[in-house]
Amino acid sequence: MNKRLRKTYCVVRKVRLLHTTHYAPMIIIANIFLIGLFLPTAVPAGSSTYYVATTGDDDTGTGTNGNPWATITKALDSVPDGSTILVKAGVYNGRIRVRGNFPTGVTVRSEVPYQAILQHNDIVLTAYENGEVRGITIEGFEIRHTGAGSGALVFHIDGAGDGSVHHITIRNNILHDSYNNDILKVNNATHNILIEGNIFYNQTGHDEHIDINSVEDVIVQDNIFMNDYAGSGRINNNDTGSFIVIKDSNGSDDAYLGNDRVTVRRNVFLNWEGSTGSNFVLIGEDGKDFYEARNVLVENNLMLGNANNTMRAAFGVKGSRDITFRHNTVVGDLPALAFAMRLNREGDNLVLQNINFYNNIWADPTGTMGAESGAGAERNDFSDTPPADTNSFVIDNNLYWNGGSAIPEDGGELVNYTDDTNRTVANPQLGTQAGLILPRWTGAQFADGSSTIREAFERLVSLYGTPASGSAVIDNANAGNAPADDILGNPRTTPDIGAVEFIPELHLTGTPANGAITLNWEVNTTVADGTTWRISYTGPGGPGSPITESNKDVRSYTISGLSNYTTYNITLNAMNGATPIMTDTVSVMPTDIFSYLPIVLKQ
């Protein structure tokens with residue numbers, strides 16, 4: 001392996017550098033003349049940060065911290081381009097109209113993450129107006145319906161049919177419990193929409209977490225999708241739709257015929273509680289006589305089959321073309337009518353074209369791949385792919401595992417695992433899903449103990465999507481069909497199959513002594529024959545730097561002859577010839593002063 005992870009540690013305590021998405025607003029000082037000329041109410045001269053509070057007033061407020069507005073709508077109507085609107089903690093009831101034309105961009109953010117709650121018994125947020133709406137980010141809120149009887153949708157972005165609503169970002173929000181229809185609908189010729197770092201759960205009826213409908217240039221990334229009706233005190237009727245659907249319901253009634261350039265990447269899907277006819281991701285749904293979607297990329301997603309409810313298949317495609325699924329990990333019991341995919345036509349759909357599957361993991365450790373839940377379940381099924389419904393497909397370099405049992409195969413289906421001439425059949429060695437805790441929001445933290453969505457996301461990936469050392473997925477992907485990074489944003493140098501790139505890690509600690517430092521280290525992978533250890537240090541004395549240890553199995557070394565009270569920066573490299581393959585650094589100060597606690601024996 002030639003992949004490396006560079007990390008830094010101080011003395012003994014480890015500080016691991018994890019990929020983290022940072023959410024930083026653009027701050028631009030507004031032109032005072034323009035403020036006075038164009039804004040309906042006066043705002044503080046020279047300010048670029050404004051405030052909304054439940055105690056604010058839209059008539060007398062000026063948007064300052066001491067005199068805030070009462071509503072986000074008023075703030076958007078009042079601030080200049082480049083501003084940040086901070087919304088103070090509290091519950092905000094009613095419709096919020098996301099509007100305004102901001103070429104540079106305006107960020108509307110909960111001042112304390114997730115403590116500003118936006119709720120309504122109808123649509124909570126709408127981004128559609130007469131005129132252009134662009135350049136608005138909604139960040140850090142809890143967004144929900146108030147309860148049963150609410151109107152349809154929680155958040156609606158509508159492009160007005162002509163593309164006039166665009167460049168909207170939805171980031172780091174808790175969007176949950178629609179009591180009528182979808183949680184988020186993005187439709188009607190909107191474009192350039194970014195949905196990232198959120199958590200979605202609990203839609204209603206045969207509807208979705210996200211309905212992506214007749215749009216262009218939409219990215220859905222770094223989110224968690226799940227359902228947990230019992231956690232919200234609701235009954236699960238097992239009748240809800242796919243978590244994400246990409247379709248075109250209105251045909252030529254808007255500027256776009258079909259969806260184009262939609263990307264679903266780096267998300268975690270889990271805890272299926274929907275209908276037996278739906279999917280984690282479904283592309284095409286409405287039986288139209290045109291391609292409902294084209295140029296769709298689904299990559300680096302982790303899909304967990306931890307629930308007992310039966311789904312149609314993890315992936316579904318109908319009446320679409322030029323669709324690629326790559327580097328996804330589908331793992332778990334996952335009761336389903338087909339474990340991997342359903343490719344088919346309905347209604348007036350055209351025949352599917354150019355459907356591609358590269359470097360994915362399909363793994364059921366229970367040996368029941370594609371079996372339904374409960375007694376009397378039908379036989380195992382890898383795919384539902386009627387031969388007449390797909391014109392062209394590729395399935396290449398994927399990994400398959402059915403707990404040691406045979407991978408299901410059916411000569412009546414178009415796609416079988418044996419069509420993959422570069423297939424790997426092996427245990428990917430992923431974590432067991434027993435004891436999985438759903439990261440639903442409790443009001444103060446997530447149920448798994450996480451304080452942020454990103455922390456919950458990384459926990460799921462670490463526990464259930466990361467292969468162990470020695471897994472057959474490691475360095476086994478076709479690099480020509482691999483993205484540049486994995487689900488956590490780690491680079492893929494020699495890429496692994498699946499969503500998560502295995503990163504060899506070296507953990508180095510140093511213990512001070514009198515004129516010496518003792519090093520100890522651990523690795524999370526098998527050290528290959530021929531590997532040597534190189535110890536480099538800065539500071540006086542000692543045997544001289546660097547020091548080479550040729551025994552690959554050594555995990556400890558003491559450097560003697562050092563000067564007390566001098567800080568030494570010590571770097572350990574695992575070397576493959578002249579190339580470092582793992583690296584870690586510690587800073588330690590030798591000393592001849594030690595404290596000893598007395599031992600008192602109780603009689």
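Note that this is a predicted model, so its numbers are computed, not measured.
Salt-bridge formation is detected for the pair D485/R266: a Lys NZ or Arg NE/NH1/NH2 atom is positioned less than 4.0 Å from an Asp or Glu carboxylate oxygen. Remark: D228 engages R440 in a salt bridge, criterion side-chain N to carboxylate O under 4.0 Å. For D384 and R312, the salt-bridge test passes: some basic side-chain N is under 4.0 Å from an acidic carboxylate O. Under a 4.0 Å N-O distance rule, the pair D486/R492 does not qualify as a salt bridge. Ionic pairing of D211 and K185 is present here: one or more N-O contacts between side-chain nitrogen and carboxylate oxygen are shorter than 4.0 angstrom. By the 4.0 Å N-to-carboxylate-O rule, R454 lies close enough to E458 to be salt-bridged with it.
With contacts defined as side-chain heavy-atom distances shorter than 4.5 Å, the pair V220/I212 qualifies. The closest side-chain heavy-atom distance from N213 to V186 is not below 4.5 Å. Residues I453 and Y114 meet the side-chain proximity criterion, which asks for heavy atoms closer than 4.5 Å.
Between F280 and F269, the ring planes lie tilted relative to each other; the angle falls in the 30° to 60° range. Classified by interplanar angle (parallel below 30°, tilted 30° to 60°, perpendicular above 60°), the ring pair F225/F200 is parallel.
Of the possible donor and acceptor atoms, none in the side chain of T390 sits under 3.5 Å from a partner among the backbone N and O of S392. Side chain of E273 to backbone of Y229: a donor-acceptor contact under 3.5 angstrom is found. Side chain of N349 to backbone of K318: no donor-acceptor contact under 3.5 angstrom is found.
Separation of atoms CZ (R342) and CE (M311) is listed at 13.0 Å; rounding is to 0.5 Å.
Cation-pi check for R326 over Y358 is not met; the charged atom does not lie both under 6.0 angstrom from the ring centroid and within 45 degrees of its normal.
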Residues 239-246, side-chain donor-acceptor partners within the protein, below 3.5 Å, at least two apart:
unit_1: S242; atom_1: OG; unit_2: N279; atom_2: N; d: 3.0
unit_1: S242; atom_1: OG; unit_2: N279; atom_2: O; d: 3.2

#### Entry: From CA spacing to verdict: side-chain contact (heavy atoms from CB on, under 4.5 Å), N236, N309
CA-CA 10 Å; N236 176 24; N309 306 289; 4.1 Å; yes
### Query
Does the pair F382 and Y400 meet the rule for a ring pair (Phe, Tyr, Trp, His ring centres under 6.0 Å), with working shown?
CA-CA 10 Å; F382 175 73; Y400 311 84; 5.7 Å; yes
